[in-house]
Amino acid sequence: MTDHDVAQDPDERRLSTREAADRLGVKPETVYAYVSRGQLTSRREPGGRGSTFDAKEVDALARRGGRREPSGAGSELAVRTGITLIDRDHCYFRGVDTSELAAHHSYEEVAEWLWTGEMRRGIRFTAPHDALTAARRAVDALPAHTGPMDRLQVAVIAAAAADPLRFDLSERAVLDTARTLIPTLVAALPRRAAGRPPTQAGAEEAAAGRADDELGAGGRRAAELGAADKPAPELGAEDGPLAPRLWSRLTSEPADPPSLRVLDAALVLLIDHDLAASTLAVRVAASARAHPYAIVSAGFGALDGALHGAASGLAHRMLLEVLDRGSAAAVVADHLRAGRRVPGLGHPLYPGEDPRARALFALLEDVPRARPALQAARDVITTTARHKEWRANVDLALAVLTVATGMPAEAGETIFAVARTAGWIAHALEEYDEPPLRMRPSGQYSGPRPPQPLP
């Protein structure tokens with residue numbers, strides 16, 4: 001039997017390498033690459049010269065998206081996912097419009113639903129004492145000038161070290177980790193108290209108030225989110241909505257219900273966005289069966305860059321400059337003259353306006369103190385539209401929120417990182433159900449051909 005023959009036993013349903021390649025739509029050598037990564041298993045028949053493959057296994061790989069070359073000119077890595085769909089200027093989580101989710105549900109509710117398929121009204125995430133203590137001690141040891149992304153990265157490592165059961169990758173264990181890790185990250189950040197520089201929270205933690213009712217849409221959710229700053233009875237006892245807890249880490253200005261609604265909606269809208277760079281990093285780590293803390297660390301590493309999570313900081317600084325100079329024209333001209341893209345405009349996945357920006361701008365209309373920054377953003381959009389067909393993206397909307405509420409430029413990245421942690425957990429749960437080590441593209445060697453002399 002040759003490499004291109006079919007195995008003779010019909011009950012075995014074995015395929016030759018050529019037949020497996022045809023079913024997958026790849027080259028025969030790619031089939032062996034799948035074998036080396038653990039995505040397929042091969043068997044050499046007695047007396048045969050080639051390998052054979054189980055037809056069911058090949059078909060399952062094809063359904064998971066194996067019909068693409070893992071490397072080569074013009075190839076693209078495709079990963080099947082049931083989490084996010086981006087289609088015609090709309091973004092959907094599991095088929096539900098994200099703008100509708102943000103209007104009717106809290107961040108914790110949407111995260112829990114994304115993980116489990118169950119919408120649990122009024123769910124709260126609480127940080128465990130041991131993890132929170134370890135995270136705060138580690139963050140406290142950092143230099144005073146340390147930025148929030150560095151603090152988050154240190155906090156997640158410290159929380160992992162405090163969890164001896166972190167290597168349990170069962171769904172129940174991963175979900176328990178997710179529900180405690182996110183509030184731990186938030187509570188490990190220093191509070192921004194009025195009249196003095198940010199200090200580590202310690203025993204003076206302020207918690208958001210408990211809900212009297214289940215969360216819902218509009219004013220009911222806003223009223224609940226506004227019930228912040230009630231003292232916590234003990235370390236780690238914060239159990240109100242996450243948005244007020246995060247607010248106190250971002251600004252010393254008092255929280256009002258409309259502003260908290262914007263922050264909570266931003267957290268919902270930023271939970272996931274298909275296979276962004278940080279999410280791909282997370283899936284690679286999960287493919288290698290890294291534990292949840294490690295996959296979040298992988299996400300933070302990819303997020304911490306000017307072309308990803310830090311993009312809102314550029315838009316923040318631009319809006320401050322527009323407000324200072326009193327005109328968007330000169331600021332936009334400076335960017336275009338320098339050959340730079342205007343921050344907060346344009347998105348490769350949306351030919352029109354980013355739907356996340358559209359939703360946040362609508363909520364910002366109800367925030368009186370946001371009006372100057374909102375007008376500055378509109379001036380930037382109008383000025384740029386004369387020359388470029390760039391629409392607002394979510395970074396510009398985040399910048400309006402951060403400028404209007406006295407948050408620092410890096411606050412948008414902090415919001416992004418906390419929000420996206422829930423999406424990374426959802427992707428990890430998906431990836432844990434896939435064959436391990438499948439996220440292993442083949443390299444295309446472009447160095448000198450061997451043999452080369454010893455250097």
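For reference, positions follow the sequence shown, starting with 1.
- Judged by distance alone, with hydrogens and angles left aside, the side-chain atoms of T133 form no donor-acceptor pair with the main-chain N or O of D130 at under 3.5 Å.
- Side chain to side chain, D256 and S259 meet the donor-acceptor criterion of an N or O pair below 3.5 Å.
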H291 vs D168, test: side-chain contact (heavy atoms from CB on, under 4.5 Å). Steps then yes/no.
CA-CA 7 Å; H291 55 72; D168 183 353; over 6 Å; no
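- With hydrogens and angles ignored, the 3.5 Å screen pairs no side-chain donor or acceptor of R356 with any backbone N or O of V394.
- In this structure, the separation between CG on L270 and CG on L398 is 5.5 Å, given to the nearest 0.5 Å.
- Taking the side chain as every heavy atom from C-beta outward, I157 and S297 approach each other to under 4.5 Å.
- Few gaps surround CZ on R340; more than 12 heavy atoms of other groups in view lie less than 6.0 Å from it.
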Under the criterion salt bridge (charged side-chain N to carboxylate O under 4.0 Å, His left out), I'd like the reasoning laid out for R358 against D89: C-alpha separation, chi angles, the key distance, then a yes or no.
CA-CA 10 Å; R358 186 166 57 241; D89 293 336; 5.9 Å; no
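- Aromatic pair Y350/H273: centroids less than 6.0 angstrom apart.
- Side chain of R136 to main chain of A187: a donor-acceptor pair is present (N/O by atom type, distance under 3.5 Å, no hydrogens or angles).
- P190 and R151 get closest at one heavy-atom pair: CD-CD, 3.6 Å.
- Between the H105 side chain and the L101 main chain, no donor and acceptor come within less than 3.5 Å of each other.
- In this structure, the side chains of F300 and L152 come closer than 4.5 Å at one or more pairs of heavy atoms.
- Remark: the backbone N or O of T41 is paired with a side-chain donor or acceptor of E57 at under 3.5 angstrom.
- Taking CG of L363 as the reference point, atom CG of D264 lies at 10.0 Å (rounded to 0.5 Å).
- Shown here for A422 and Y107, the closest heavy-atom pair between the two residues is CB-OH, 3.3 Å.
- Geometric assessment of R120 against the ring of W113 yields a negative cation-pi assignment under the 6.0 Å and 45° thresholds.
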R192 vs E253, salt bridge (charged side-chain N to carboxylate O under 4.0 Å, His left out): CA-CA, chis, key distance, verdict:
CA-CA 9 Å; R192 291 182 172 268; E253 292 194 12; over 6 Å; no
Assess whether side-chain contact (heavy atoms from CB on, under 4.5 Å) is satisfied between V154 and T146, documenting all intermediate values.
CA-CA 11 Å; V154 168; T146 303; over 6 Å; no
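- Distance alone, capped at 3.5 Å, places no donor-acceptor pair between the T30 side chain and the V26 backbone.
- Across every non-hydrogen atom of L345 and I381, the tightest pair is CD2-CG1, 3.9 Å.
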Worked verdict on D395 versus H316 for side-chain contact (heavy atoms from CB on, under 4.5 Å)
CA-CA 8 Å; D395 296 315; H316 176 106; over 6 Å; no
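- Taken to the nearest 0.5 Å, the CG atom of D274 stands 8.5 Å off from the CG atom of L85.
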Worked check of side-chain contact (heavy atoms from CB on, under 4.5 Å) between E353 and F361
CA-CA 11 Å; E353 188 177 35; F361 282 141; 3.9 Å; yes
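- Salt bridge status for E430 with R283: present, with a side-chain N to carboxylate O gap under 4.0 Å.
- Salt-bridge check for R23 with D59: passed, with a basic side-chain N closer than 4.0 Å to an acidic carboxylate O.
- A donor-acceptor pair shorter than 3.5 Å cannot be found between the side chains of H427 and T279.
- In this structure, CG in L401 is found 9.5 Å from OG1 in T251, a value given to the nearest 0.5 Å.
- Once rounded to the nearest 0.5 Å, the distance linking CD1 of I415 with OG of S312 reads 7.5 Å.
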Run D272 and T84 through side chain to side chain donor-acceptor pair (under 3.5 Å) and show every step you take.
CA-CA 7 Å; D272 191 52; T84 298; 2.4 Å; yes
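- A heavy-atom distance below 4.5 Å is found between the side chains of M439 and E431.
- Inter-residue side-chain proximity for S278 and W424 is flagged as met; some heavy-atom pair is nearer than 4.5 Å.
- In this structure, CG in L349 is found 9.0 Å from CG in D354, a value given to the nearest 0.5 Å.
- The aromatic rings of F125 and W115 sit parallel, their planes meeting at an angle under 30°, below the 60° perpendicular limit.
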Could you walk me through whether Y92 and D87 pass side chain to side chain donor-acceptor pair (under 3.5 Å), step by step?
CA-CA 8 Å; Y92 304 91; D87 181 47; 5.3 Å; no
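- Between V268 and T98 there is no side-chain heavy-atom pair separated by less than 4.5 Å.
- In this structure, P372 and L323 have side chains that are in contact, with non-hydrogen atoms separated by less than 4.5 Å.
- Proximity of a side-chain donor or acceptor of T382 to a complementary backbone N or O of D379 within less than 3.5 Å is not detected.
- Residues V262 and L360 approach most closely at O-CD2, 3.8 Å, considering heavy atoms.
- In plain terms, the two heavy atoms of A159 and L181 that are nearest each other are CB-CD1, 4.2 Å.
- Contact of the T177 side chain with the R166 side chain is not registered, since no non-hydrogen atoms from C-beta on lie closer than 4.5 Å.
- No side-chain donor-acceptor contact under 3.5 Å links T184 to the backbone of A131.
- A 4.5 Å side-chain heavy-atom check between L242 and I182 finds at least one atom pair inside the cut-off.
- Remark: the E434 side chain and the S287 side chain contain no N/O donor-acceptor pair separated by less than 3.5 Å.
- We find that E112 and R179 are joined by a salt bridge, their nearest charged nitrogen and carboxylate oxygen being less than 4.0 Å apart.
- Heavy atoms from other residues, nucleotides or ligands lying under 6.0 Å from CZ of R325 number more than 12.
- Smallest separation of non-hydrogen atoms from A286 and A428: CB-CA, 4.0 Å.
- No donor-acceptor pair closer than 3.5 Å links the side chain of E413 to the backbone N or O of E410.
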